[in-house]
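So you know, we letter chains A, B, ... as the sequences are listed, proteins then strands, and number each from 1. Below, each value reflects all heavy atoms present in this structure, side chains not excepted, and no hydrogens, waters or symmetry copies.
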Number of protein chains: 2
Amino acid sequence: MSDVLVIDDDPPLVRALVINLKAHGYTVRAAGTGAGGLRLAAERPPDVVVLDLGLPDLDGTEVIAGLRGWTDVPILVLSAREHSREKVAALDAGADDYVVKPFGMDELLARLRAALRRGSAQPDEPTVVTDDFTVDLAAGRVSAGGTDVRLTPTEWRLLEVLARNHGRVVDHRRLLLDVWGPAYQDQTNYLRVFMATLRRKLEPDPAHPRHLLTEPGRGYRFEI
Amino acid sequence: MSDVLVIDDDPPLVRALVINLKAHGYTVRAAGTGAGGLRLAAERPPDVVVLDLGLPDLDGTEVIAGLRGWTDVPILVLSAREHSREKVAALDAGADDYVVKPFGMDELLARLRAALRRGSAQPDEPTVVTDDFTVDLAAGRVSAGGTDVRLTPTEWRLLEVLARNHGRVVDHRRLLLDVWGPAYQDQTNYLRVFMATLRRKLEPDPAHPRHLLTEPGRGYRFEI
DNA sequence: GGACGGCGTCAAGAACCCGTCAAGGACGGC
DNA sequence: GCCGTCCTTGACGGGTTCTTGACGCCGTCC
């Protein structure tokens, strides 16, 4: 799961944090000094940093600046200081959130989840490559022999469903549901028509497809 | 500058917020109810939302859910309730930050800056360059043939979404959502009109665009 | 061997999408 | 209050895409 770096010089608090974070499935590393924290972060970039101000060696904003120099990792600041000037300074230095001690552990965990949610908000969509053509799911494009292939919207949606499930047989019903909607679950002839055009556009020998395969009586399968 | 949407039913507080935010150069809109806030957000997507819990009509998490259904805009929650259960619920519903009343205005402004900083953190190239024109995403400017091109706000927002996703097909729905808001998801004619003006201003031969391409039935694509 | 169901192919009309233009209206600046 | 800019809205023609039905092939099952 997610990798949390705790930078704090208060041993009891660090212990409590580590125990609670590990109990929730996080991987935790801890440093007692600002310099140590920066070193750990440089070794392996964490997914989120929990930073206590009031470290013995460095000022909080210095640690933040040291991290912000090379990473956008979310930084959650802990502090006993209520003064808003401290908060403003930390936030403007690049911190993402500021929690005043004492705090509830569930609140901290919730703020951590919020910070992580922001940091990792991109579902990666791979590109599916065969010998004869390439399907770029993120870009929404298909190319064969170096040039783009023009697909109509329906052709694309059909190919997309198959490509996302490549290697598996996709049901007639599933395909019709995903491409045309629930009212078309019996129109298997649609599949025949559009599979034909896809093969014409993508397969070197449309009559003997190598990638867009028919599974008689069941559905179709995209094979790489 | 940035567009802030305040959703709060406490008139004195709203007044204070509006005055302070405007004094710092923000554009501010305010709503006294959750439904009104959602409506304003739908009319024109704000850059950040300041949301008071304890609204007369909707629960705070409902408002958050209503926004999160279509946008990733940062949400900063205000609340008089200290209870951590409230905080956890709001943060897990999708809020980005949680400030307990009473709060200092400078702290709120700092948290707002932090939220905006995150929201606009575009990791990739700040300028997109084609053979015929240059889009400077950081500066918000476009130039063709060495001179600046004047774009209207809507034209710019449309071009910005396309440029940030250059090389990819961007859905009709996504474009309408990001530029006009969720109330306009079906107004594809807006896209036609504004794509035409963009092409007239940027393409050497608007009738045969080289960069602002149509993907029939799906959307548009910015190609370098 | 024949009937049958599943599949691929083809073609034609309908439906839809896109680019274009222009008029009306909202908004803000002077 | 006037003027200019910008956004909204409707209409139209041309082109593309989807739908639909018919036909033939092939394998399987009776």
Side-chain angles (χ1 to χ4, degrees), chain A residues 142 148-160 162 169-173 175-176 178-181 183-221, chain B residues 3 22 27-29 40 42-45 142 148-160 162 169-173 175-176 178-181 183-221:
Chain A
V142 192
D148 273 24
V149 179
R150 274 187 51 81
L151 294 186
T152 71
T154 308
E155 288 163 8
W156 168 255
R157 284 206 300 272
L158 181 57
L159 180 64
E160 190 181 10
L162 289 169
V169 180
V170 187
D171 229 51
H172 289 149
R173 234 172 40 82
L175 287 170
L176 290 163
D178 288 354
V179 177
W180 280 271
Y184 295 78
Q185 294 189 35
D186 301 324
Q187 307 285 333
T188 55
N189 52 332
Y190 284 17
L191 293 178
R192 295 208 293 278
V193 172
F194 281 87
M195 286 304 295
T197 72
L198 275 181
R199 283 169 176 158
R200 253 200 304 281
K201 291 186 177 180
L202 299 177
E203 293 274 4
D205 179 5
H208 303 95
R210 297 175 52 199
H211 309 292
L212 299 167
L213 307 178
T214 303
E215 294 283 337
R218 298 200 286 153
Y220 293 88
R221 179 162 53 91
Chain B
D3 185 10
K22 284 195 174 164
T27 305
V28 188
R29 288 176 294 160
L40 284 180
E43 275 175 19
R44 186 158 44 85
V142 193
D148 272 24
V149 179
R150 266 187 55 80
L151 293 186
T152 70
T154 307
E155 287 163 8
W156 168 254
R157 299 231 280 181
L158 180 57
L159 181 64
E160 187 182 12
L162 288 168
V169 179
V170 187
D171 232 44
H172 289 148
R173 236 173 43 83
L175 287 170
L176 290 163
D178 288 354
V179 178
W180 282 271
Y184 297 78
Q185 292 187 41
D186 301 323
Q187 306 287 333
T188 54
N189 51 332
Y190 284 18
L191 292 178
R192 295 208 295 277
V193 172
F194 281 86
M195 285 304 294
T197 72
L198 276 181
R199 283 170 176 157
R200 255 199 302 280
K201 291 185 177 180
L202 299 176
E203 293 274 3
D205 179 5
H208 304 95
R210 296 175 52 201
H211 309 292
L212 299 168
L213 306 178
T214 302
E215 293 282 336
R218 296 203 283 153
Y220 292 87
R221 178 162 54 90

Criterion salt bridge (Lys or Arg N to Asp or Glu O under 4.0 Å) on A:Arg157 and A:Asp178, from CA distance to verdict: CA-CA 8 Å; A:Arg157 284 206 300 272; A:Asp178 288 354; over 6 Å; no
Nucleotide-resolved protein contact map, nucleotides 6-15 of chain D, B/S/- at heavy-atom distance under 4.0 Å: SSBB------
Distance-minimising heavy-atom pair for B:Tyr184 and B:Glu43: CE1-O, 4.1 Å
Interface limits on DNA chain C, where chain A has a heavy atom under 4.0 Å of a nucleotide atom: C:dG6 to C:dC10
Strand partner of D:dG24, provided both Watson-Crick or wobble distances fall under 3.5 Å: C:dC7
Side-chain heavy atoms of B:Leu151 within contact of B:Leu198, under 4.5 Å: yes
Sugar-phosphate only, base, or nothing, as touched by A:His172 at under 4.0 Å among non-hydrogen atoms: sugar-phosphate
Option passing side-chain contact (heavy atoms from CB on, under 4.5 Å) with B:Arg221 (candidates B:Thr214, B:Leu212, B:Val169, B:Leu162): B:Val169
Student check: side-chain heavy atoms of B:Leu191 and B:Trp180 closer than 4.5 Å: yes
Pairing nucleotide - D:dC7, Watson-Crick or G-U, each distance under 3.5 Å: C:dG24
Taking every non-hydrogen atom, the tightest pair across B:His211 and B:Glu203: N-OE2, 2.8 Å
Exam field: side chain B:Arg44 to backbone B:Asp3, donor-acceptor pair closer than 3.5 Å: no
Length of the line joining A:Leu191:CG and D:dC18:C1', which is rounded to integer Å: 14 Å
Sugar-phosphate only, base, or nothing, as touched by A:Thr214 at under 4.0 Å among non-hydrogen atoms: sugar-phosphate
Note, A:Thr197 side chain near A:Glu155 side chain (heavy atom, < 4.5 Å): yes
